[in-house]
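Written below as C-alpha cells is the structure these notes are about.
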Amino acid sequence: MQLSRRLLYGSELWEVTRPRTPLTSGHLMIRLSDPATALDIRSATDWLRCHNAARRALADVLGADTCTLLFAHRWHALGASIGEPAAESSTPTFHLFGRWAGEPVTPAEQLALPAQRRKPAPERDLDKYDAGLRTALLKAAGPPAGWTAAGQDAAVPLPAIRTWTPSAPAGSDHTVLAPERTIGAVEDVAPGELLALAAALEALALRQAVTGLSCIVPDAAVTGGRLELHALGRSAGESVNPFNMLLRSPEVSPALL
C-alpha cells in the first residue's frame, strides 16, 4: 500500500517529505526538488540545512534520540528490496529513520521483509505527528539565509576522505568512508566534506562489476561517536544481497534493530 507523498518542509533546493510508503512514524525523506540540480556547495549547504532540521524535528516531536540515514547512488532497489526502502523515483532521495524508546516497529523489522509485504505506518499516527513536524522543521531550519558565491572558490581542493574495509564486511564490496577530520555526526559535516564524500562514492560506483551503491550512515551512538558512511557495491546480477549480511552485522545492525 502506498500513500500520497506528504510535503513537510520545502527549502531552496531540497524538501523534507514523508515517503509514499513510510515504514515507521519516524521515517522521513529528504528529496531534491528539481532532479536537474547539480551537487555543488550551494546544494550541499541546503541539504545539510534540511537534514539537520529534520533530525532536530524528529527529536522534538517523537523524542528520537538516534537517527540512521539510508540512500542509494546509481542504484535502484529491485524486486524485494531487502534491507532498503523501495525506490520511488529517479530523483535523488535520502531516507532518515528516527529511533525512540517505545517505537511500535523498528526499521529493521520492516526492511527485512520484501517490499510488497511491508505495512506503512498507520495514517492516524502520521496525522498525529506531521503537524508538529512541520512546525518543528520550520523552527529548526530558521529563515532562509540567502546565498552568495562570494568566498566559495570552486578550485579549492576537496577535503581528504579516508576509506577502509570493516572488520565484518557485508560482501566483497563493502567500504567505509569518513572525512579525514574527526566528526561525530552528520550535523558536524561541512559542505565541502559532503562534496568530498560524494566524489569518493562516485569513484566507488565506477569500479568494475559494480552497478551502483547502497549506503547507510548509522547514528554515531552505534559507531563509537564517529561518523561512518558504509557503502555496499551492488550489481543487477549479484547472487547475494549484501543487505542480508548487513542487517546481521555487529557494526551496523544496532542502528536499525
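All figures in this text were calculated on a predicted structure; none of them were measured in a lab.
Using modelled atom types and a 3.5 Å distance limit, the side chains of Arg226 and Thr182 yield no donor-acceptor pair. Donor-acceptor pairing under 3.5 Å is recorded for the side chains of Ser214 and Glu84.
Panel note: side chain Asn52, backbone Leu48; a donor-acceptor pair is recorded below 3.5 Å. Remark: side-chain polar atoms of Asp60 are not paired, donor with acceptor, to backbone N or O of Ala136 under 3.5 angstrom. Without hydrogens or angle criteria, Asp173 side chain to Leu232 main chain gives no donor-acceptor distance under 3.5 Å.
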Where do Lys139 and Arg56 land on the side-chain contact (heavy atoms from CB on, under 4.5 Å) test, with the steps shown first?
-> CA-CA 10 Å; Lys139 179 180 178 181; Arg56 287 194 291 271; over 6 Å; no
Working for side-chain contact (heavy atoms from CB on, under 4.5 Å), residues Trp75 and Cys215 = CA-CA 10 Å; Trp75 173 256; Cys215 303; over 6 Å; no
side-chain contact (heavy atoms from CB on, under 4.5 Å) between Leu13 and Asp34, worked out | CA-CA 7 Å; Leu13 301 174; Asp34 180 357; over 6 Å; no
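Residues forming a ring pair (Phe, Tyr, Trp, His ring centres under 6.0 Å) with Tyr129 (at least two apart in sequence, or on another chain): none. Every side chain to side chain contact (heavy atoms under 4.5 Å, CB included) that Ala160 has, sequence neighbours left out, goes to Glu180. Contacts of Thr66 classified as side chain to side chain contact (heavy atoms under 4.5 Å, CB included), with partners at least two apart in sequence or in another chain: Arg99, Asp219, Ala221. Residues forming a side chain to side chain contact (heavy atoms under 4.5 Å, CB included) with Thr175 (at least two apart in sequence, or on another chain): Thr163, Leu177, Leu204, Arg207. Not counting sequence neighbours, the partners of Ser43 by the side-chain hydrogen bond (donor to acceptor under 3.5 Å, both in side chains) test are Asp40. For Glu109, the salt bridge (Lys or Arg N to Asp or Glu O under 4.0 Å) test picks out no residue, with sequence neighbours left out. Take Glu187 and apply the salt bridge (Lys or Arg N to Asp or Glu O under 4.0 Å) test, not counting sequence neighbours, and it matches Arg55. In this structure, the salt bridge (Lys or Arg N to Asp or Glu O under 4.0 Å) partners of Asp127, at least two apart in sequence or on a different chain, are Arg6. Scored by the salt bridge (Lys or Arg N to Asp or Glu O under 4.0 Å) test, Arg74 finds Glu202 as partners (sequence neighbours excluded). Evaluation of the side-chain hydrogen bond (donor to acceptor under 3.5 Å, both in side chains) rule for Glu15 yields Arg31, Ser33 as partners, not counting sequence neighbours.
Clustering ILVMFWY residues whenever any of their side-chain heavy atoms sit less than 4.5 angstrom apart, transitively, puts Leu58 in a cluster other than the one holding Val105. Grouping the Ile, Leu, Val, Met, Phe, Trp and Tyr side chains by contacts below 4.5 angstrom, directly or via other members, places Phe97 apart from Leu113. Put simply, Leu62 and Leu8 are part of the same group of oily side chains (I, L, V, M, F, W, Y) that touch within less than 4.5 Å, one to the next. No continuous path of ILVMFWY side-chain contacts below 4.5 Å connects Leu7 to Leu126, so the two sit in separate hydrophobic clusters. If you chain together hydrophobic residues whose side chains sit under 4.5 Å apart, Leu201 and Val176 never meet in one group.
Atom CD of residue Glu228 and atom CD1 of residue Ile183 lie 12.0 Å apart, to the nearest 0.5 angstrom. Rounded to the nearest 0.5 Å, atoms CH2 (Trp14) and OG1 (Thr93) are 8.5 Å apart. Atom CG in Leu69 sits 8.0 Å away from atom CG in Leu229 (nearest 0.5 Å). Summarising the geometry, atom NE2 belonging to His174 is positioned 10.0 Å from atom CE belonging to Met245; distances are rounded to the nearest 0.5 Å. The CG atom of Leu133 lies 5.5 Å from the CZ atom of Arg18; values are rounded to the nearest 0.5 Å. Taking CG of Asp130 as the start and OG1 of Thr17 as the end, the distance is 10.0 Å to the nearest 0.5 Å.
Side-chain atoms of Thr68 and Val217, non-hydrogen and from C-beta on, never get closer than 4.5 Å to each other. Side chains of Arg234 and Thr211 form no contact here, defined as non-hydrogen atoms less than 4.5 Å apart. Contact annotation: the side chain of Pro107 never approaches that of Leu23 to less than 4.5 Å [non-hydrogen atoms, C-beta and beyond]. The shortest side-chain heavy-atom distance between Thr106 and Thr24 does not fall under the 4.5 Å cut-off. The shortest distance between side-chain heavy atoms of Arg42 and Glu12 falls below 4.5 Å. Proximity of Thr21 to Pro85: side-chain heavy atoms (C-beta onward) are nowhere separated by under 4.5 Å. For the pair Tyr9 and Arg49, the minimum side-chain heavy-atom distance is below 4.5 Å. When side chains are defined from C-beta on, Pro242 does not count as touching Leu246, because their heavy atoms never get closer than 4.5 Å.
Residue Leu32 comes nearest to Thr91 through the heavy atom pair O-CG2, 3.0 Å, listed as atom of the first residue, atom of the second, then distance. Shown here for Pro19 and Pro22, the closest heavy-atom pair between the two residues is O-CD, 3.3 Å. A pairwise comparison of heavy atoms in Cys50 and Ser11 identifies SG-CB, 3.5 Å as the closest pair. Considering all non-hydrogen atoms of both residues, Phe94 and Trp47 come closest at CD1-NE1, 3.3 Å. Considering every non-hydrogen atom in both Ala54 and Leu28, the closest pair reads CB-CD1, 4.2 Å. Among all heavy-atom pairs drawn from Cys67 and Gly98, the shortest one is SG-CA, 3.8 Å.
Taking the six-membered ring for Trp and thresholds of 30 and 60 degrees, His95 and His27 have ring planes inclined between 30 and 60 degrees apart.
Within the structure, side chain to side chain donor-acceptor pair (under 3.5 Å) contacts touching residues 188-201 (residues at least two apart or in different chains) are Arg181-Glu193.
In this structure, Ile82 shares a hydrophobic cluster with no other residue, the cluster being traced through Ile, Leu, Val, Met, Phe, Trp and Tyr side chains under 4.5 angstrom apart.
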